[in-house]
Amino acid sequence: MNTVTITDNRTGKSMECPIKQGVHGPDVIDCQALYKELGMFTFDPAFMTTASCSSKITFIDGDKGILLYRGYPIEQLAENSSYLEVCYLLLYGELPTQTEMEVFTTDIGQHTMLNEGLLRFYNGFRHNSHPMSMLVGVVGALSSYYYDAMDITNPEHRNRSSLRLIAKMPTIAANSHNYLVGRPYVYPRNDIGYVENFLQMMFSTPNRPYETTKIAVKALEIMLILHADHEQNASTSTVRLAGSSQAHPFSCVAGGIATLWGPAHGGANEAVIRMLQEIGDINNIPKYIERFKDKNDPTRLMGFGHRVYKNYDPRAKIIRNICHELLNELDTANQPLFKIAMELERIALEDDYFIKRKLYPNVDFYSGIILSALNIPLNMFTVLFAVGRSVGWVAQWMEMMNEENLRIGRPRQLYVGASKRDYIPVNKR
Ligand code: ACO
C-alpha cells in the first residue's frame, strides 16, 4: 500500500495515510484517521484541496479541458444524445436500450403535472418575486405532496422522487414565469419532447399556440445537456450534505437551488447579458476592454475565465457552435446585443491580456446569448440552469444514498474566538 507519512514535528509522532487512486484525476490522501492518530484536523476552507466523496458520475480535468458523464465525453453526448437520455445515463450509469428509453420517457411523462393544490402556492408570491425564490419554495413544498414515496430507505421510492423532480422542474419553472407576467398556467404535454414541452409552457397562451423551431429546440437541448452535472460544485455539495442527514430529496434539492442562485455560481449567464446591455454600442467595446484589463477597475469581462478549466471550457466549444448557428438562423446576428457579443468574443480572443492568462469564453458567455436569442427573460436564466442541473443533483443524491455506510456530513473547524471565560452579571459589566 502506498502511503504518505505525516509527522507532527512538535512531538515526533507520525502516521501513515493511505494514498487512494481513482480511475482518472489526482490521487487522494486518505486522512480519515488523522484525528484519532495525531489529534488534529485538516484545515481547508472552501474545499480547495479536499475530495468530499468518491463518485462514479462525472469527471472533470480542468487543465486538459475534459468533461465526462459516466465516462462519455461531453462532446459526444452533445452531438448524439438527448437531454432525457443523458438523464438516464447520469441516474443509472449506462446508456439505455431503446426499450429502456421508451419506458423512461413514459415514466417522466407520468410525472410532469403538478398537484393542483401546489399550483395555488404561486398566488402567494409577490408580483415581482425573483423566479429563483419561487423555485426554492415550490420545490421544497413538493415534499408535502408526494407521501407515497417518502421512505428514503426504499430504493424504489428514491427513484420515483428523482423522476418526479426531473419531470416537474420544467413545469414549475414555466409556471413561475407565467405567474410573474400574469398569464394563465399552461399544462404540460406528453405528446411532444421535454424541451418542446418547456417552450410551449413558457410561451403559449390559450388564444395562441407556440410554434417552436428545430434550431431553438436543439440549442436549448444542448444547453441542458451541458449543465446536467458538474461533479462536487457548491449546489451539488449542498444537496449531498443535506441528504446526509436523511432529509427528503425535494428539501435537499431546494437547498441546492438556493445555492445555485448565488451570483458566484449560477448567475453568470445573466451577468453576461447585463454587461452587453451596459456596453450598449459596438463602438464602446475598446473602452470596456481597457476597463476589463485595468487592475484598479473591478469590472471583469463576464463569461470569460473559469476556476477549474484553465485551458478551455469544453462546454463552451460545443455551445459556441450552436450559438452561432442559432443567431444566423434566427437572423438575429445583426441585432445590437449579439453584434456586441460577437465583437467582444473576437477582440478578447486576439488580445494578449486574455491569451496570456488563458481567459477563454466559458459556457455562460454563450448560454446567456442563446437564452436571450430565444426570448427567455433575464430573470429566468438561472432557472434554466436549475432545470438542467436537477438530474445532477438527484443522481448525486441517489449515489450517496446507495452507499453502505452513509454518515451525516459534519465538517470541523479551527476555533479562533474568545478563550474560556466566566459569565459576568449585567450589573457588573
Ligand atoms: N476579465 C478580466 N480579467 C480576468 C477575468 C475576466 N473575466 N477573469 C480572470 N481575470 C484575470 C485576473 O484579474 C487575474 O489577473 P492577474 O493574474 O493579472 O492578477 C487572472 O486573470 C487570474 O484570475 P483569477 O481571479 O485568479 O481566476 P479565478 O480562477 O480565481 O477566477 C472566475 C475564475 C471567477 C471565473 C473569473 O475568471 C471571473 O470572474 N470570470 C468572470 C465571471 C464568469 O464568467 N463566471 C462564470 C464562471 S463559469 C460557471 O460558473 C459555469
Side-chain angles (χ1 to χ4, degrees), residues 45-49 58 60-63 65-67 69 74 78 132 222-238 256-257 259-279 284-320 323 340-341 343-372 378 381-390 392-393:
F47 304 114
M48 299 294 281
T49 156
T58 293
I60 301 171
D61 184 329
D63 294 327
I66 293 173
L67 171 60
Y69 291 165
I74 191 68
M132 280 300 277
I222 288 182
M223 201 216 118
L224 294 180
I225 292 174
L226 299 183
H227 285 84
D229 194 45
H230 216 225
E231 52 116 305
Q232 308 311 319
N233 54 81
S235 57
T236 303
S237 297
T238 303
I257 295 169
T259 310
L260 183 77
W261 190 7
H265 192 359
N269 50 15
E270 195 176 323
V272 169
I273 300 300
R274 292 198 193 285
M275 172 191 73
L276 296 176
Q277 286 169 342
E278 190 191 315
I279 294 175
N284 295 332
I285 291 180
K287 191 176 77 193
Y288 272 89
I289 291 277
E290 288 317 305
R291 284 187 64 183
F292 299 144
K293 299 196 291 195
D294 182 355
K295 289 281 150 251
N296 299 317
D297 189 325
T299 319
R300 284 192 163 190
L301 174 48
M302 298 313 288
F304 269 64
H306 196 278
R307 173 55 63 80
V308 178
Y309 296 118
K310 291 301 179 196
N311 197 342
Y312 65 88
D313 179 345
R315 302 166 301 173
K317 262 196 175 171
I318 301 164
I319 204 169
R320 177 183 193 275
C323 176
I340 297 170
E343 185 62 4
L344 255 186
E345 181 202 36
R346 190 189 66 76
I347 295 177
L349 287 174
E350 289 172 359
D351 190 296
D352 254 12
Y353 172 92
F354 294 94
I355 294 171
K356 267 198 197 133
R357 289 168 180 77
K358 299 189 170 179
L359 296 171
Y360 301 93
N362 57 49
V363 66
D364 284 332
F365 184 74
Y366 299 105
S367 68
I369 298 169
I370 286 180
L371 294 176
S372 186
L378 213 48
F381 283 17
T382 317
V383 172
L384 260 292
F385 190 158
V387 170
R389 184 56 56 84
S390 54
W393 290 326

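The structure displayed is predicted, hence computed values, not measured ones. FYI, the numbering just counts along the sequence from 1. Both counts, for ligands and for their atoms, begin at 1 and track the order of listing.
Enclosure of atom NZ in K310 by more than 12 non-hydrogen atoms of other residues, nucleotides or ligands within 6.0 angstrom is indicated. Surrounding OH of Y353 are more than 12 heavy atoms belonging to other residues, nucleotides or ligands, all under 6.0 Å away.
For ligand 1, the polar-atom distance check finds no N/O of A264 at less than 3.5 Å from any of the ligand's N/O atoms.
The protein atom (non-hydrogen) at minimum distance from atom 7 (N) of ligand 1 is L301 O, 2.8 Å. Nearest protein heavy-atom contact of atom 2 (C) of ligand 1 is F292 O, 3.5 Å.
Looking at R307 against ligand 1, both its backbone and its side chain come within 4.0 Å, counting heavy atoms. Neither the backbone nor the side chain of H227 has any atom closer than 4.0 Å to an atom of ligand 1 (non-hydrogen atoms only). Heavy atoms of V272 found under 4.0 angstrom from ligand 1: none, in either backbone or side chain. The proximity of F365 to ligand 1, defined as any non-hydrogen pair under 4.0 Å, does not occur for either the backbone or the side chain.
At a threshold of 4.0 Å, the pair R274-E278 does not count as salt-bridged, since none of the basic side-chain nitrogens sits closer than that to a carboxylate oxygen. A salt bridge does not link K287 to E290: none of the charged side-chain nitrogens sits closer than 4.0 Å to a carboxylate oxygen.
Listed by number with element, the atoms of ligand 1 under 4.0 angstrom from any heavy atom of Y353 are 2 (C), 3 (N), 4 (C), 11 (C), 13 (O). Atoms of ligand 1 lying under 4.0 Å from any heavy atom of A268, numbered from 1 in the order shown and given with element: 45 (N), 46 (C). Under a 4.0 Å criterion applied to the non-hydrogen atoms of K310, ligand 1 contributes the atoms 27 (O), 28 (P), 29 (O). Against a heavy-atom cut-off of under 4.0 Å, H265 is close to the following atoms of ligand 1: 50 (O).
Put simply, no part of K293 is less than 4.0 Å from ligand 1, judged by heavy atoms.
Rounding to the nearest 0.5 Å gives a distance of 9.5 Å between CZ of R320 and CZ of F365. To the nearest 0.5 Å, the span separating CD on E231 from CD1 on I60 amounts to 4.0 Å. Between the OH atom of Y360 and the OH atom of Y309 there is a distance of 15.0 Å, given to the nearest 0.5 Å.
Judged by distance alone, with hydrogens and angles left aside, the side-chain atoms of H306 form no donor-acceptor pair with the main-chain N or O of D313 at under 3.5 Å.
Nearest to atom 35 (C) of ligand 1 by heavy-atom distance, out of G303, P263, G305, is G305. Considering L260, L359, N269 only, the shortest heavy-atom separation from atom 5 (C) of ligand 1 involves L359. Comparing M302, R300, K358 against atom 23 (O) of ligand 1, the shortest heavy-atom distance belongs to R300.
There is a protein heavy atom less than 4.0 angstrom from atom 30 (O) of ligand 1.
Side-chain rings of H227 and F381 stay apart, their centers remaining 6.0 Å or farther from each other.
What you find for G256 and T238 is that their closest heavy atoms are N-CG2, 4.1 Å.
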